[in-house]
Every structure is written in C-alpha cells, then in structure tokens.
Student: 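Dropping the structure in here first, questions after.
The chains referred to below are lettered A, B, ... by the order of the sequence lines, with proteins before strands, and numbering in each begins at 1. Side-chain atoms are counted along with the backbone in the values below, which use heavy atoms only and exclude waters and symmetry mates.
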Amino acid sequence: MPFSGTIQTIREQCMNIKKQLNELISTALSNSGIEVELVRVNDASKVEFGDYQFNGIMPLAKPLRRNPREIAIQVVENMPQSEMIDKLEIAGPGFINIWLSPDWIAKQLQSVSSSDRLSVGKKEVATKVVVDYSSHNMAKQMHVGHLRSTIIGDTLSKLFIFLGDDVIRQNHIGDWGTQFGMLIAYLEELGVGVGDSLSDLEQFYKDAKVRFDSDENFANIAREYVVKLQSGNTHCLGLWQQFIDMSLGHCEEVYDTLGISLSRDDVRAESSYNSELSNIVTELKESDILVESDGAQCIFVEGNETPIIIQKSDGGFLYATTDLAAIRYRAKDLDAKRISYVVDARQSGHFKQIFDVARRAGFVDEDVSLEHVSFGMMLDKSGRPFKTRDGGTVKLIDLLEEAVSRAKSMMSQRDTSSTDIDTAAHIVGIGAVKYAELSVNRESNYIFDWDRMLSFEGNTALYLQYAYARIQSIFRKYGAQIDGSIILEDDLEKRLGLSLLRFDDVLVGAANESMPHYISSYLYNLTTLFMKFYEQNPILKDGVSEETRDSRLMLAKLVADTIKQGLDILGIKVLDRL
RNA sequence: GCACUCGUAGCUCAGCUGGAUAGAGCACUCGCCUUCUAAGCGAGCGGUCUCAGGUUCGAAUCCUGACGGGUGUACCA
C-alpha cells in the first residue's frame, strides 16, 4: 500500500522549542560518537522532571551494549553550551530532564510581545489546501449531526490560513440524485407561493415522502422528474434551482448564526460535476481499471469484497463517480497539494476506495496528500445512534437558539449592568456549542447531551472568555500603555511563560494532524495556569513594585492575546466584559 | 460471515504516535470574597486503563485472541 491517505507529519521540521532542543541533543549524541536518525524530546510528564525530557537514551543502550546511565552522563557532558538551558539532570534508568532558563524564556516572550502574530511561524511557501466540509444534503434541514463537519472544517481552514497555507473551501452540497425528483414534483404540485412551505424543510421532505409512498401516480411523476432533471429539462431545472436556493438559504442562516466562514462562492455542488461524469467513466475505461460486473461498471480495490460502482447497469452514475470527478477537479484544476475531507467515520471505507482509484487512474499525483479527516458519530445517552423521540433529529438552529437563550438567562442572573446582553449571550452561547465540538478528539464517538453541549463550567469556552475579560478589566483599571521588561520571578510565572511559548508548537501539531482539540486543550491548560497566577501574583495591588507590575502586565497581555488568537482560530469570539 | 473502529474515575472526556507514582471537568465533602470580575482558586474523595496472553529495560499506548459497543459491507447519497 504505497499511499496511506494521510500526510506525513512535518512536525519535527516546524517545532520551535522542541526543534532547538532536538538539535542540541542530536549534536551531543554525535559528539559522543552516537548517530541517531530521529531525536525527539517530549514535554516533561511532571513538573518535578523539568520542562522537557529526553527518553531516547534507554533504547540505545542495548545495541551499544552499554549502561544507559553512562551514555546519559556522556551526552550531558557533550551538550553544546546554550543559553536556553538552565539545568540538565539524569534520572531513573537514563532519562535526561531539561530545565529551560527563565531568562531565556523571558527574552523569547519579549520578542513574542512585539510580534503581530505571537511569533507563530508562517510558511514561506504556501501549500494549496482544499478543505471539503459541511457539504450536507440540500433535501434536508441541517441538524445537530452536521455540526461537526461544519465546525471542524471551518477551524481547520482558519488554522491552515493562519499558518500560511492557501486554503480553498469546498462546500460539496448534495443537490443531485433521485430524491430531488420527489421534492420537485411536490413543489410543482403545491404550485405558486411555495416559499412558505419550505420554511420547514424537514416537514416538506416528510410530506413529500408521504405523498410518494401513498400515491402511485405521484411516485411516477416524481420518477419522471428525475429523468427530466438529469436530461436538462429547463422547467424542471428552474424548479430545482428554486428549491436549492431556498435550502441553501436555510443553510446560510445557520452559518451566519454560527459564524461559519462559508459563502456561496465556496459552494461547489454535486450537480456541478454532472457534465464530467461520462468523461470520468471513459477515462477509467481507457486506463483499464474498470471491470464490468452484473452489468455495472465497477472497480475492485484490494482489501474490499465489494467494488465501487462507477456506472449502474442502467447507465446512471453514482456518488462515487461524482467524488472522483471532484477529486480530479481539486487536484488538477484547483492544483491542490493537500485535500482534506471533513466527513464522518462511516465514510472511511468509501474514501479509502476513492483515494486508491484516484491514484491509480492518475487523477491525483503522488505528491498530493489525500486525507479523510474523519470524526465519530453522535450517540444518545444510552450509547445508541442519536435520534429524538419521534425518530427525527434535533434541528441545528434549535440547538443554537437554545444555547443563546441559556447563556442569556445565566448572564442576566449576574450583573445586568453590562452593555449589550444579547450580543454577549450570542457570543457565549455559540462559543459553548463550538467549543464542545472542538475540545474532544474528533475521532471518537460522542454523546449528545444538552447540558454538556451548553456547559459553562470547567473546560469550556466561557472559562477562557472569562479569563480574557478579567485581564481586560485589569487593563482598564491600569489605564495606560502596557510596556515593560518581562522578568519571570517564580516557578509559576516561568511555567506560564513557557506555556505561552508553546503556542507555535501546538498550532503546527494541530494542523499536521488536523486535530483542533490540541488547541483547545492547550488554551485550557494555559488559562488554568493564568488563573493560578491571577490568584497568587497580584498586579495592581499595593506593595507590588513597578518592575514586577510591568512584567506581570506584559504576561497578562500575552495570555490575553494568545487566548484571543487561539479562540479566533476556533471560530469563537471574546468579550472585554462579562 | 468479513472489514473498520472504540472500550481509561459514578458521569463526560484528555493522555502528545512505548517512559518515571495514569490526568482534567462534572458530581460529592471541606476551605477561600473589606484587596485586579468567586463564571474563580485551594484541599479531599474517586482507577486491576474491559479481560487474557505476547513483544522489552519499560505497555493505557505496539501485536494476538476473547468479550462488549458502534459502523460499513453492489447498482441510495
């Protein structure tokens, strides 16, 4: 299997602090006469073990037939002088624990504070990345199941852009296929002034389905419409267009409420590939990988019992055909070098096959990374696939409205004097929903729970927003320009400082692996440190020297800026007051 | 049947691609507002990482098997 479909991580090349430490250790090893291909320091597992640790000595011991502690001693002795390291210690069987110098950290922070992007590295050469997300079916209303793709995809897009990539968003909406015949037939039947019946798409779909199932005559008309539609009948296309416009309008309402940066320009619908489908089949035939089976045009992919069907026995095309047209368009026409599909885990088999075929057919060159950014399903409290009592799903717009309303009632119980409670409640409520999605490992299934989704305690967006608001409050009270030298005076300040410096590493890691929750975990961790700092290290209170005050103000500023920037990538806003 | 995936505290989840005594939040029990926002902070309680083998200096992490959830398996998307 030459292609796994996942990008090779380039973490080692990009990491900031770790990269430097890796180089130091690599040199020390080399000075000791030991050549190692890959040196990797890790974050220390405990505070007592320093800031970083290198565990790579032990595995070297056996082949070298030496005592690991002896090697460790030698490596430490051969470590080049560096101002970043305060102390090295050998522990246990041969761990090397590394303490960074507070002065070095302070110096780095000083330069971070004068950077407009918090010293996060930006790629010199942008990679062209296609992110396919949201991409839902126009026949139905957006429900809570559509949250993940939409939110994760939007975050990844922002993250890639921030790190210097050239991102092309693709909203691959489902607007083509047999069900649209039914919907158009029903639309036609209802006649003019039909806009109102489309206000509830879910209901419209259900009603149409009832007509379809109960009236043979209607069902036949619906089938005719499918044929007419696909053969380009203008009347049908007109109705269809009207329907899609309405449905997309609903979508955009949700995007707008949610603060999703998808516009009509990002829509590249399934139907837009329609004219390409027969060419795809022709090309596949020419490349000789197509097989006829039971009258259908198929491709068998190793490791799969069943083939993917490219063309039905009646000549019709299927979604695999469309996906192949889309992947070729992205690789060849858009010239993307990384193509990410933010789609749920159920499609993983499908994407494996599509990626394999696309490679073999030459639709996608070898240097293009194809990734299925898969995510788990939504389950109910008993661990079953999520459904409401009547078998339906929770509409996304209802969830969002509930979120905002809960936020509002919670906020109004507190100080009501704050400025615009509706705006604030919107930011807090929507932030909670997004954060709930972005703070868990996307790969695992998760339990849908109103209280979890709309929680404002612990590791939530509000915790971060609250810390941000507290900092702004300090600045308001201080009322002057924040400027001074950073001096890390105690262990807590040092840890806070180091945490700030890790932002770069975290973003790069999150981007390489398409894991937004790395960012939220980091921000939560940073904020936890800040909250301790806030309790223990007064800034504007009596008895604090001017030097200390200025340094702490600088630290607070960096924390606030990092929270703001991090949340911005997650698509969550901050408030100066809460 | 076959394939993929998951199983970590009462609940919801982390655990950085093998490291040292497995971490958070919620819940529960205590303590902290005349002092920068208590939506906060501190302390406590809570674990045979589903089970059984294997690989090795070392396993929640890798391999095999069992059990249990979820998902996918030919003309829907």
Student: Could you tell me which nucleotide pairs with C41(B) by Watson-Crick or G-U wobble geometry, both distances under 3.5 Å, or answer none if nothing does?
Tutor: G31(B)
Student: What is the distance from CG of Asn441(A) to P of C16(B), rounded to the nearest Å?
Tutor: 10 Å
Student: So Glu443(A), base contact, sugar-phosphate only, or nothing? Heavy-atom distance under 4.0 Å.
Tutor: nothing
Student: Send over the distance from Lys557(A) NZ to C36(B) C1', rounded to a whole Å.
Tutor: 17 Å
Student: Given atom CG of Asp449(A) and atom C1' of U12(B), what is their separation to the nearest angstrom?
Tutor: 8 Å
Student: Figure out the OH/P separation between Tyr446(A) and C11(B), and round it to whole Å.
Tutor: 20 Å
Student: Can you tell me the pairing partner of C62(B) across any strand shown, Watson-Crick or G-U wobble, with both distances under 3.5 angstrom?
Tutor: G54(B)
Student: Measure the distance from CG on Leu454(A) to P on A39(B) and round it to the nearest whole Å.
Tutor: 19 Å
Student: Of the candidate nucleotides G40(B), G15(B), A77(B), which contains the atom at the shortest distance from the side chain of Leu318(A)?
Tutor: A77(B)
Student: Tell me which nucleotide among G19(B), G25(B), A20(B) gets nearest to the side chain of Pro59(A).
Tutor: G19(B)
Student: OP1 or OP2 of A38(B) less than 4.0 angstrom from a side-chain nitrogen or oxygen of Arg470(A), does that happen here?
Tutor: yes
Student: Any strand counts, and the cut-off is 3.5 Å on both contacts for Watson-Crick or G-U wobble. Which nucleotide pairs with G1(B)?
Tutor: U73(B)
Student: Spell out, as yes or no, whether a donor-acceptor pair under 3.5 Å connects the side chain of Ser499(A) to the backbone of Arg495(A).
Tutor: no
Student: Using both distances under 3.5 Å as the test, list the Watson-Crick or G-U wobble partner of G68(B), or none.
Tutor: C6(B)
Student: Would you mind reading off the distance between Glu513(A) atom CD and G15(B) atom C1', rounded to a whole angstrom?
Tutor: 13 Å
Student: Return no unless some side-chain N or O of Lys62(A) is found under 4.0 Å from OP1 or OP2 of C57(B).
Tutor: yes
Student: Quick one: which of A39(B), C41(B), C36(B) gets closest to the side chain of Ile539(A)?
Tutor: C36(B)
Student: Does Thr306(A) or Phe317(A) map to a spot on RNA chain B nearer the 5' end, using the closest nucleotide for each?
Tutor: Thr306(A)
Student: For the aromatic rings, using the six-membered ring if either is Trp, is the centroid distance between Tyr341(A) and Phe351(A) under 6.0 Å?
Tutor: yes
